[in-house]
Amino acid sequence: MHGSSNRSRRSPQKMLMIPSREGNEDRAPNEIQRANDDCGGRIYAILEALHNQYLEADLGNLENPVDELVYISLSRQTHYQNASRSWKAVIKIGGPGRLVDMEEDELADLLKPSGFSRQKARWIKRSLEIIRDRMGILSLDGAEIWSDDELEHFLQSLPGISIKSAKCIMLYSMGRQVLPVDTHVRRIATRVGLVQEGLSEHAIHLALEDVVPPRHRYSFHVNCIWHGRHICTALHPRCSNCILQELCDLGQCIRHVATGAAA
Ligand code: SF4
């Protein structure tokens, strides 16, 4: 395996080149046209507002795609603290490279803190075996020359890896400009009005990738997760404190209701 097996920062927070709403010099013409067609150009205002607030939120993602794959598998259907406990146990025995040749029962014991440990042990062991068989080594370095479609198709063929998980590995650890849609991204995108409600997992990935320009997908994704955890929460969104309220369909509705009630 290459790289570190520690759960480390992907990169320091950094300033992004977000184009101004007035100036077109940093926008490819097709990006401007698409954004204008699909959501009235609002996407650039949303990107800018999120960037001004958070730069690029650091979610502590892993640099090594095999590490990220194992961590994402551990994170399914559990709180991140439980996944972290299992991840620490994996690191303690030498990292994901040690898991592939373990007995499934032994691996399930190791992964107990993350829950569903039998299923996760089976998924992780099989995924690592498939990667080693395909690449000749337990590494995804050789996949760097693959196209996005080829890479996504391969990752989704691994047990327990959904569309979102495949895109997370690609975005966080392989520098691909894809857009994973998790619960926070979905909630904010629908409330703001970038996509309609109730889309399937496949459809919402297509719809949002059509709206968010490729080079802004990483910042949009991590900033939506941060914003969704702290401001636009599922049950009690803090619209009056939200930097997106002027741009948000639901936020505007809530404001009008509040204004009407006060009048
Ligand atoms: S205005 Fe309210 S609903 Fe809209 S993004 Fe902000 S917190 Fe969420």
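Owing to the predicted nature of the structure, the values given are computational and were not obtained by experimental measurement. Heavy atoms only: backbone and side chains are in, while hydrogens, waters and symmetry mates are out. Whatever order the structure lists them in is the order used to number ligands and atoms, beginning at 1.
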Identify which one of His221, Lys167, Glu68 satisfies the side-chain hydrogen bond (donor to acceptor under 3.5 Å, both in side chains) criterion when paired with Tyr172.
His221

Cys232 N/O/S atom closer than 2.8 Å to atom 4 (Fe) of ligand 1
no

Considering all heavy atoms of both residues, which atom of Lys120 and which atom of Gly115 are nearest to each other, and what is their separation?
CD-O, 3.3 Å

Whether Arg134 engages the ring of Phe154 as a cation-pi pair (distance to the six-membered ring centre under 6.0 angstrom, angle to the ring normal within 45°) should be assessed.
yes

Please report the interatomic distance SG(Cys224) to CD1(Ile188), rounded to the nearest 0.5 Å.
4.5 Å

Is ligand 1 less than 4.0 angstrom away from at least one heavy atom of Ile188?
no

What protein heavy atom is closest to atom 4 (Fe) of ligand 1, reported as residue, atom name and distance in Å?
Cys248 SG, 2.3 Å

Nearest-0.5 Å distance, NE2 of residue His184 to OG1 of residue Thr233
9.5 Å

For Leu250, atoms of ligand 1 separated by under 4.0 Å from a heavy atom
3 (S)

Which heavy atom of the protein is the closest neighbour of atom 6 (Fe) of ligand 1, given with residue, atom name and distance?
Cys242 SG, 2.3 Å

Identity and distance of the protein heavy atom lying nearest atom 2 (Fe) of ligand 1:
Cys239 SG, 2.3 Å

